Amino acid sequence: MRVTVFGAGAIGGYLAAKLAIAGSVDLSIVARGAHLEAIKADGLRLIEDGKETVARVKAVARAEEVGEQDYVVLALKAHSLAPALGEIAPLLGEGTAVVTMQNGVPWWYFHKAGGALEGTRLAAVDPGGTIWQRIGPERVIGSVVYPAVEVDAPGLIRHVEGTRFSLGEPSGEKSERVTALAREMVKAGLQAPVREDIRSEIWVKLWGNLSFNPISALTGATLAAIVADEGTRAAARAMMLEAQAIGESLGVRFLIPVDRRIKGAGDVGEHKTSMLQDLERGRPMEIDALVTAVQELGRLTGRPTPIIDTVLALVRRLAIERGCYSSL
């Protein structure tokens, strides 16, 4: 099985290291800069349970160096995908599956979703339908990523917690290609359940990201602080209820109550969300995939989003002022 991880940062690096250590797939990674040079020189280093392991992987700067693959794992952030399409193209053969590991509403959301919106392209995450056209939604295997992982230094990945990467076909079928990939991930010591309804799982994670990420960026607060404060908790809850109404209108099942989801976020503790970390480090923030796309879904389904609209306007303005907004 030929597998390439495109975007070997924290999550991509962790997945690549685990697959490489297991040694049962023909693995390559596409990386760049100091990260690439460190991996070439010293291997991809993984700290897990306090122990460091070195994974020897084929690391390249250009996808054409490895050619067409059976699976391409896209582990870069949503706003980085469209600019990278030309670089990804050499990896795509006739039967290549593409595993999307971006947070937020995926660009392929309405592929094989059924209903009146079947085939709709979402401008917030795929303006002009460019990704849809150039990758093709028929290649997609959806994924919801749960591990907490950090890049401590170029070529050095530190695993914090979690091993689950849920997988699912947009159609809901348990195809041979998704089950084969899941088997290899399990061999590598990961949890890789194959879901019949990957969209509902996407929404449960999105539910928190949609609200807690922008609120944390606006306030500088950790998850625990947002949940402990009556005002910010209420704002997050209002956003989540707006999103729930949208999701349910699209057939999504929210299997846990909103207040339990909020408690779960607070239980994570004094953790800064990824959006706050990006703001502090001057990096582009995942605003469109996490928030703007939900606003767009509200417009498409006729569900009002007044709190989402307000928070989105504020966090987008903040990102622009700080040079951290990457418009697609």
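Predicted, not measured: the structure shown is a model, and the values here were computed from it.
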Quiz prompt | Of Leu122, Leu297, Leu250, the residue whose pairing with Leu117 passes side-chain contact (heavy atoms from CB on, under 4.5 Å) | solution = Leu250
Self-check item: Test side-chain contact (heavy atoms from CB on, under 4.5 Å) applied to Met185 and Leu15, step by step
Solution: CA-CA 8 Å; Met185 292 174 68; Leu15 175 63; 4.0 Å; yes
Close side-chain approach of [X] and [Y], heavy atoms under 4.5 Å:
X	Y	value
Ser200	Trp203	no
Val98	Trp108	no
Val145	Lys205	yes
Arg195	Val144	no
Arg237	Asp259	yes
Gln102	Leu76	yes
His271	Phe212	no
Ile226	Ser216	yes

Quiz prompt | Short N-O contact, Glu176 and Arg183, less than 4.0 angstrom | solution = yes
Quiz item: Does Glu184 come within less than 4.0 Å of Lys187, counting only side-chain N to carboxylate O?
Solution: yes
Self-check item: Distance-only donor-acceptor check, side chains Glu242 and Thr305, under 3.5 Å
Solution: no
Quiz item: Do you see a donor-acceptor pair shorter than 3.5 Å between the side chains of Arg2 and Thr96?
Solution: no
Counting only N and O atoms by type, is there a donor-acceptor contact under 3.5 Å from the side chain of [X] to the main-chain atoms of [Y]?
X	Y	value
Asn213	Met275	yes
His35	Ala8	yes
Gln69	Gly67	yes

Tell me whether [X] shares a hydrophobic cluster with [Y], the cluster being built from Ile, Leu, Val, Met, Phe, Trp, Tyr side chains joined at under 4.5 Å.
X	Y	result
Leu156	Val151	no
Leu290	Leu218	yes
Val30	Ile39	no
Ile141	Val125	no

Quiz prompt | Nearest atoms (heavy-atom pairs only) where Ala224 meets Glu270 | solution = CB-OE2, 3.4 Å
Exercise. Identify the two heavy atoms, one from Arg199 and one from His111, that lie closest to each other, and give their separation to 0.1 Å.
Key: NH2-O, 2.6 Å
Quiz item: Could you go step by step and tell me if Glu196 and Lys174 meet the side-chain contact (heavy atoms from CB on, under 4.5 Å) rule?
Solution: CA-CA 7 Å; Glu196 294 181 359; Lys174 291 197 172 183; 4.0 Å; yes
Quiz item: Between Val294 and Val291, is a side-chain contact (heavy atoms from CB on, under 4.5 Å) present by the stated rule, with each step listed?
Solution: CA-CA 5 Å; Val294 178; Val291 192; 5.9 Å; no
Self-check item: Partner residues of Arg303 under the salt bridge (charged side-chain N to carboxylate O under 4.0 Å, His left out) criterion, sequence neighbours left out
Solution: none
Practice problem: Please name the residue in the list Arg32, Arg134, Arg62 that meets the salt bridge (charged side-chain N to carboxylate O under 4.0 Å, His left out) test with Glu87. | Solution: Arg32
Quiz item: Should the pair Arg177 and Tyr71 be classed as cation-pi, given the thresholds of under 6.0 Å to the six-membered ring centre and 45° from the axis?
Solution: no
Practice problem: Evaluate the criterion salt bridge (Lys or Arg N to Asp or Glu O under 4.0 Å) for residue pair Arg233 and Asp229; output intermediate values, then yes/no. | Solution: CA-CA 6 Å; Arg233 183 178 66 250; Asp229 180 272; over 6 Å; no
Quiz prompt | Verdict with reasoning, Thr292 to Ile287, per side-chain contact (heavy atoms from CB on, under 4.5 Å) | solution = CA-CA 7 Å; Thr292 313; Ile287 294 171; 4.0 Å; yes
Quiz item: Checking salt bridge (Lys or Arg N to Asp or Glu O under 4.0 Å) for the pair Arg322/Glu280: CA distance, chi angles, key distance, verdict?
Solution: CA-CA 9 Å; Arg322 297 286 187 86; Glu280 292 179 340; over 6 Å; no
Quiz item: Between Glu321 and Arg317, does a salt bridge (Lys or Arg N to Asp or Glu O under 4.0 Å) hold up when you go through it step by step?
Solution: CA-CA 6 Å; Glu321 295 295 330; Arg317 189 68 248 163; 2.9 Å; yes
